[in-house]
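Quick note: numbers below take in every heavy atom, side chains included, and nothing from hydrogens, waters or symmetry partners.
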Amino acid sequence: MAVSTLVLDVAAAEGKADAFLAHPDDGAPHPAVLVFADAFGPRPAVHRDAERLAALGFTVLVPNVLYRNGSAPVVDLPDFIDADRRGQIFGALRPLLTALTPELLVADAAAYLGWLADSPLTTGNPVGLAGYCLGVRNALHTAAAHPDRVAAVAGFHGGRLATDDPTSPHTVVDKVTAEVYLAHADADPGLPPEQIDRLDASFTAAGTTFRTEVYPGATHGFTQSDTDVYNAEADARHRAELTALFTRVLR
């Protein structure tokens, strides 16, 4: 399916958030997907993923959640991110990401969801959320804050999802009504087995329809095709699961 793309501004809680939009080029409305990118943010590799999803019949919005700090990318990114650069980049991003509290995130998410609901390019039905890395946290908080507007959540290589922090995502899953699929990285120090167990227990106690699994041999960031942690096999599995969930739930 042919796809059209553009960069636009969404009126968010505290200013204009730049966002990347990809949608089928057929003039018809399609189910909406809101993508929360990894910590590096929207960039060409993320745009390509959004285009692939749009080619399957979805209207895909990828906002720059760090718009308060400038347009994406908010820090200089190389074409390829290796271990030598990763630490430097995270050092620059960490204070910006820390400042994006769940309260700020869900206020912005209301604007992203509102834009999708009002767009003639979408069906106007509840949307799907896709989150990567830190974006999994953002997706879960958004689904909890806006349960009437979110039908499905897919998250990949998320970290710190069930910690002792009072704002940890596992503390709000009782408010999530969407169907959830989470694929974890193997031996991820940001999401050790005890956190996975705590998260699963929270979903079970809440009665959430969910499925979580670990991708063996896939390290944190396995979907990031512009980094040295990319895992093509795990990425293909991620695409298959993402497509299956959204096709079944959103259509």
Run F40 and D226 through side chain to side chain contact (heavy atoms under 4.5 Å, CB included) and show every step you take. CA-CA 11 Å; F40 301 129; D226 57 349; 5.7 Å; no
Just do the side chain to side chain contact (heavy atoms under 4.5 Å, CB included) check on L242 and L245 with the steps written out, would you? CA-CA 5 Å; L242 181 73; L245 176 65; 5.9 Å; no
Show, in sequence, the C-alpha distance, side-chain angles and deciding distance for M1 and F58, and conclude whether the side chain to side chain contact (heavy atoms under 4.5 Å, CB included) test is met. CA-CA 10 Å; M1 185 179 293; F58 299 95; over 6 Å; no
Just do the side chain to side chain contact (heavy atoms under 4.5 Å, CB included) check on F36 and T142 with the steps written out, would you? CA-CA 10 Å; F36 289 110; T142 296; 3.4 Å; yes
side-chain hydrogen bond (donor to acceptor under 3.5 Å, both in side chains) assessment of T223 paired with H157: CA-CA 8 Å; T223 66; H157 50 81; 2.8 Å; yes
Pair Y67-D18, side-chain hydrogen bond (donor to acceptor under 3.5 Å, both in side chains): steps then yes or no: CA-CA 7 Å; Y67 70 89; D18 52 302; over 6 Å; no
As a quick check of understanding, evaluate side-chain hydrogen bond (donor to acceptor under 3.5 Å, both in side chains) for T163 and D165, giving each step before the final call. CA-CA 5 Å; T163 70; D165 188 310; 5.2 Å; no
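With hydrogens and angles ignored, the 3.5 Å screen pairs no side-chain donor or acceptor of H141 with any backbone N or O of V136. Judged purely by atom type and a 3.5 angstrom limit, T59 has no side-chain atom pairing as donor or acceptor with the backbone of H23. Distance alone, capped at 3.5 Å, places no donor-acceptor pair between the S119 side chain and the W115 backbone. With hydrogens and angles ignored, the 3.5 Å screen pairs a side-chain donor or acceptor of T171 with a backbone N or O of S168. A donor-acceptor pair under 3.5 Å is absent between the side-chain atoms of Q224 and the main chain of Y230, judged by distance alone. Judged by distance alone, with hydrogens and angles left aside, the side-chain atoms of R198 form a donor-acceptor pair with the main-chain N or O of A162 at under 3.5 Å. Counting only distance, with no hydrogens or angles, the side chain of T177 and the backbone of P147 share a donor-acceptor pair below 3.5 Å.
Nearest heavy atom pair, residue P31 against residue R251, reads CG-CG, 3.8 Å. Heavy-atom minimum distance, L61 versus P63: O-CD, 3.6 Å. Summarising the geometry of D76 relative to R85, their closest heavy-atom pair is O-NH2, 4.3 Å, with the distance given to 0.1 Å. Closest approach of A32 to L250, counting heavy atoms only: O-CD1, 3.8 Å. Of all heavy-atom pairs between V249 and A152, the closest is CG1-CB, 4.0 Å. Between P29 and P120 the shortest heavy-atom distance is CB-O, 3.7 Å.
Crowding of E213 atom CD: a count of heavy atoms from other residues, nucleotides or ligands under 6.0 Å exceeding 12. Enclosure of atom CG in D82 by more than 12 non-hydrogen atoms of other residues, nucleotides or ligands within 6.0 angstrom is indicated. Residue D148 places its CG atom among more than 12 non-hydrogen atoms of other residues, nucleotides or ligands, all under 6.0 Å distant.
Within the model, atoms CZ of R68 and CG of D108 stand 4.0 Å from one another, a figure rounded to the nearest 0.5 Å. Atom CG of N69 sits about 8.5 Å away from atom CG of N64, to the nearest 0.5 Å. Interatomic distance, Q195 CD to D164 CG, rounded to the nearest 0.5 Å: 8.5 Å. How far OG1 of T5 is from CG of L8: 10.5 Å, rounded to the nearest 0.5 Å. Between the CG atom of N231 and the CZ atom of F222 there is a distance of 8.0 Å, given to the nearest 0.5 Å. For the atom pair N138 CG and L100 CG, the distance stands at 6.0 Å (nearest 0.5 Å).
Partner L21 forms a side-chain contact (heavy atoms from CB on, under 4.5 Å) with one of L6, V10, V62 and no other, that one being L6.
Annotation: H238 is in aromatic contact with Y132 [ring centroid separation under 6.0 Å].
For residues 46-67, the salt bridge (charged side-chain N to carboxylate O under 4.0 Å, His left out) pairs, not counting sequence neighbours, are D49-R52, D49-R239.
Tracing side-chain contacts under 4.5 Å through hydrophobic residues (I, L, V, M, F, W, Y), one never reaches L53 starting from V127; they form parts of separate clusters. Two different hydrophobic clusters hold V33 and V150 under the rule that ILVMFWY side chains link at heavy-atom gaps under 4.5 Å.
In this pair, Y215 and Y181 present their aromatic rings tilted. The plane angle is within the 30 to 60° band.
Taking a cutoff of 4.0 Å between a charged side-chain nitrogen and a carboxylate oxygen, R211 and E241 qualify as a salt bridge. Looking at R43 and D38, a side-chain N of the basic residue comes within less than 4.0 Å of a carboxylate O on the acidic one, giving a salt bridge.
Under the 4.5 Å side-chain criterion, counting only non-hydrogen atoms from C-beta, L66 is in contact with L97. Under the 4.5 Å side-chain criterion, counting only non-hydrogen atoms from C-beta, L140 is not in contact with H170.
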